[in-house]
Student: 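I'd like to ask some things about the structure below.
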Amino acid sequence: MKVLVTGGAGYIGSHTALELLNRGDEVVIIDNFANSSCVALKRLAEICGRKPVFYEGDVKDKLLLRRIFSEQHIDSIIHFAGLKSVSESIKKPLEYYENNIVATVDIVDEAAKANVKNFIFSSSATVYGDPEVIPISELNKTGGTTNPYGTSKLFAEKILQDYAAANKDFNITILRYFNPVGAHVSGKIGEDPNGVPNNLVPYVSKVAVGKYEYVSIFGNDYKTKDGTGIRDYIHVTDLAKGHLAALDHIGKFGNIRIYNLGTGNGYSVLDVINSFQRISGVGIKYQVAPRRNGDVAECWSDPSLALAELKWRAELSLDDMLKDTWKWQTLNPNGYN
Ligand code: WQD
């Protein structure tokens, strides 16, 4: 099987490309290094002894997409390439809509013209907004997104659903990720955010290595067990394997399917900080700060549909996620630089 992985040098893309290469699939990557590094590609080859085919460029470049489809006999596409910073999306909404929606439309269009019929889309639990029902199943209402990033995922999902309804021979699987964290167990690839990390685990690990003094806990007055926000953190390797399972089952249950990829467990901000201290052996200072705009109290998944249909479930614990984050952070204190 030959799989086109857009954004394959990025955080989730590189871990997924690795799992595909490990099981013997052929991998073609397109990436423009907007928020990723060519070093990640070298590391992939170091870990698994095989190289993906690589095209440097932008998924918004239709001519390049056409060239890839004519040069490679692609069976399936996993579309990761996109912008993912909530705060940046508020400042640059059009860039988010162009990269996350327009480019998705173009890839599907070019894929269909090239007779590629299987498309997996990276979506996010953010499409559920502030959930009325917890744990969140795929039947939960979507909408109520609070920033252009979230809205771009919601709109792209809707467009893909409309396309699938009109094109029954084109298979689409939408994967809604909860909170991906961790790194490959080798410590050779991991998350390397541009600038100051927005997300909790990358920020905590930078505090642990002394890059920042303390973690700001955004609110301790939520209606949760300790007042801090609860999330469903999932190891990036489990998430990557979820994509392989989705590929293996695409089209079996209809030409459009949507799955949550989460563990089904919720952990608070304090749980994460305390576990990270225990695992790293480093004291982590924190201060309580006001709530962050757009945050919800609790967001964790009911992942049972993915188990029933894809035969996939997350295997790794919060400790595994934090151990691997710590390994990646200490082996690569400056990320890929
Ligand atoms: C987790 C918890 C924060 C940082 C976001 C996007 C989502 C997805 C993943 C994908 C919350 C708290 C955080 C900090 C804190 N994006 N926190 N101090 O907000 O669940 O999801 O990232 O590409 O679409 O919305 O993840 O890691 O930012 O926050 O207290 O410095 O940690 O309030 O409760 P979130 P997160």
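Computed from a predicted model, the values in this text were never measured in an experiment. Both ligands and their constituent atoms are indexed starting at 1 by order of listing.
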Student: Determine whether the side chain, the backbone, both or neither of Thr228 has a heavy atom under 4.0 Å from any heavy atom of ligand 1.
Tutor: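 Near ligand 1, Thr228 shows nothing, with every heavy atom at 4.0 Å or more.
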
Student: May I ask you to identify the nearest protein heavy atom to atom 36 (P) of ligand 1, giving residue, atom name and distance to one decimal place in Å?
Tutor: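 Checking every protein heavy atom, the shortest distance to atom 36 (P) of ligand 1 gives Asn199 ND2, 3.5 Å.
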
Student: What atoms of ligand 1 come within less than 4.0 Å of a heavy atom belonging to Gly229?
Tutor: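 Listed by number with element: 34 (O).
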
Student: For ligand 1, which atoms sit closer than 4.0 Å to a heavy atom of Lys84?
Tutor: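 Listed by number with element: 23 (O).
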
Student: Output yes when a side-chain donor or acceptor of Asn147 lies under 3.5 Å from a complementary backbone atom of Ile90, and no otherwise.
Tutor: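 Not confirmed, Asn147 side chain does not pair with Ile90 backbone.
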
Student: Suppose we measure from atom 23 (O) of ligand 1 to each protein heavy atom; which comes out shortest, and what is that distance?
Tutor: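 Scanning the protein heavy atoms, the shortest distance from atom 23 (O) of ligand 1 goes to Tyr149 OH, 3.1 Å.
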
Student: Which one holds for Arg292 and ligand 1: side chain close, backbone close, both close, or neither close, with close meaning a heavy atom under 4.0 Å?
Tutor: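 Answer for Arg292: side chain.
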
Student: Given Asn179, Asn147, Val204, identify the one with the heavy atom nearest to atom 35 (P) of ligand 1.
Tutor: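 Ranked by closest heavy atom to atom 35 (P) of ligand 1, first place is Asn179.
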
Student: For ligand 1, indicate whether the residue Thr126 contacts it via side chain, backbone, both or neither (heavy-atom separation under 4.0 Å).
Tutor: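 Thr126 to ligand 1: side-chain contact only, backbone stays beyond 4.0 Å.
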
Student: Could you tell me whether some N/O pair between Tyr203 and ligand 1 is separated by less than 3.5 angstrom?
Tutor: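 Min N/O separation from ligand 1 is not below 3.5 Å for Tyr203.
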
Student: In the protein, what heavy atom is nearest to atom 12 (C) of ligand 1, and what distance, to one decimal place, separates them?
Tutor: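 Going by distance alone, atom 12 (C) of ligand 1 is nearest to Val269 CG2, 3.6 Å.
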
Student: Keeping Asp226 on the side-chain end and Thr228 on the backbone end, is there a donor-acceptor pair under 3.5 Å?
Tutor: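 Flag set: sc Asp226 to bb Thr228 pair under 3.5 Å.
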
Student: Return a yes/no value for Val296: is any of its N or O atoms, backbone included, closer than 3.5 angstrom to an N or O of ligand 1?
Tutor: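 No; every N/O pair is 3.5 Å or more apart.
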
Student: Is the backbone N or O of Arg231 less than 3.5 Å from a side-chain atom of Asn179, with the two atoms forming a donor-acceptor pair by type?
Tutor: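 No; judged by distance alone, with no hydrogens or angles, the pair does not exist.
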
Student: Think Arg67 forms a cation-pi with Tyr55, using NZ or CZ under 6.0 Å from the six-ring centre and within 45 degrees of its axis?
Tutor: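 Geometry flag: not set, cation outside 6.0 Å or 45°.
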
Student: So which bit of Pro180 gets within less than 4.0 Å of ligand 1, heavy atoms only: side chain, backbone, both or neither?
Tutor: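 Neither; no heavy atom under 4.0 Å.
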
Student: Is the side chain of Asp232 donor-acceptor paired with the backbone N or O of Gly262 at a distance under 3.5 Å, no angle test?
Tutor: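 Not at all, since once roles are kept as given, no pair shorter than 3.5 Å links the two residues.
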
Student: In this structure, which one of Asp320, Asp324, Thr263 forms a side-chain hydrogen bond (donor to acceptor under 3.5 Å, both in side chains) with His235?
Tutor: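 Looking at Asp320, Asp324, Thr263, the match for His235 under the side-chain hydrogen bond (donor to acceptor under 3.5 Å, both in side chains) is Asp324.
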
Student: Should the pair Tyr177 and Phe80 be assigned to parallel (<30°), tilted (30 to 60°) or perpendicular (>60°) ring geometry?
Tutor: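 Taking Phe80 first and then Tyr177, their aromatic rings sit tilted (interplane angle of 30° to 60°).
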
Student: Looking only at heavy atoms, is any part of Tyr286 under 4.0 Å from ligand 1, and if so is it the side chain, the backbone, or both, or is it neither?
Tutor: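 Neither; no heavy atom under 4.0 Å.
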
Student: How far is atom 11 (C) of ligand 1 from the closest protein heavy atom, and which atom is that?
Tutor: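 Scanning the protein heavy atoms, the shortest distance from atom 11 (C) of ligand 1 goes to Arg231 NH2, 3.6 Å.
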
Student: Just to be sure I read this right, does ligand 1 sit under 4.0 Å from the backbone of Tyr177, its side chain, both, or neither, counting only heavy atoms?
Tutor: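 Neither part.
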
Student: Go through ligand 1 atom by atom and flag the ones less than 4.0 Å from a non-hydrogen atom of Asn198.
Tutor: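 It comes down to these atoms of ligand 1: 4 (C), 28 (O).
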
Student: Regarding atom 25 (O) of ligand 1: of the candidates Val86, Ile12, Leu83, which has the closest heavy atom?
Tutor: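 Of the listed residues, Val86 has the closest heavy atom.
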
Student: Tell me: protein heavy atom nearest atom 13 (C) of ligand 1, and distance?
Tutor: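 Atom 13 (C) of ligand 1 sits closest to the protein heavy atom Leu200 CB, 3.7 Å.
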
Student: Got a donor-acceptor contact below 3.5 angstrom from the Asn100 side chain to the Lys153 backbone?
Tutor: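 Not confirmed, Asn100 side chain does not pair with Lys153 backbone.
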
Student: One residue to check: Asp295. Relative to ligand 1, which of side chain, backbone, both or neither has a non-hydrogen atom less than 4.0 Å away?
Tutor: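 Under 4.0 Å from ligand 1, Asp295 contributes side-chain atoms alone.
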
Student: Would you say the side-chain atoms of Asp109 pair up with the backbone N or O of Val105, donor to acceptor, closer than 3.5 Å?
Tutor: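 Judged by distance alone, no pair lies under 3.5 Å.
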
Student: Out of curiosity, Lys51 NZ to Lys42 NZ, how far, rounded to the nearest 0.5 Å?
Tutor: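 Going from the NZ atom of Lys51 to the NZ atom of Lys42 covers 9.5 Å.
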
Student: Any sub-3.5 Å donor-acceptor pair from Tyr149's side-chain atoms to Glu88's backbone N or O?
Tutor: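 A pair under 3.5 Å: no.
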
Student: Using 30° and 60° as the class boundaries, would you call the ring planes of His79 and Phe119 parallel, tilted or perpendicular?
Tutor: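 Aromatic pair His79/Phe119 classed tilted.
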
Student: So if I count the atoms of ligand 1 from 1 in the order they appear, which ones are less than 4.0 Å from some heavy atom of Ile217?
Tutor: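 In order of numbering, the contacting atoms are 30 (O).
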
Student: Hey, looking at atom 31 (O) of ligand 1, which of Phe178, Phe218, Tyr233 has the closest heavy atom?
Tutor: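 Closest candidate by heavy-atom distance is Phe218.
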
Student: So if I count the atoms of ligand 1 from 1 in the order they appear, which ones are less than 4.0 Å from some heavy atom of Ser216?
Tutor: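 The list of qualifying atoms is 14 (C), 15 (C), 18 (N), 30 (O), 31 (O).
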
Student: Would a distance-only check, ignoring hydrogens and angles, find a side-chain to backbone donor-acceptor pair under 3.5 Å from Asn167 to Tyr163?
Tutor: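 Checking the backbone N and O of Tyr163 against the side chain of Asn167, a donor-acceptor pair under 3.5 Å is found.
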
Student: By number and element, which atoms of ligand 1 are closer than 4.0 Å to a non-hydrogen atom of Ser124?
Tutor: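 Those of ligand 1 that fall under 4.0 Å from Ser124 are 24 (O).
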
Student: According to the interplanar angle, ranging from 0 to 90°, do the rings of His15 and His184 count as parallel (below 30°), tilted (30 to 60°) or perpendicular (above 60°)?
Tutor: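 His15 vs His184 ring planes: tilted.
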
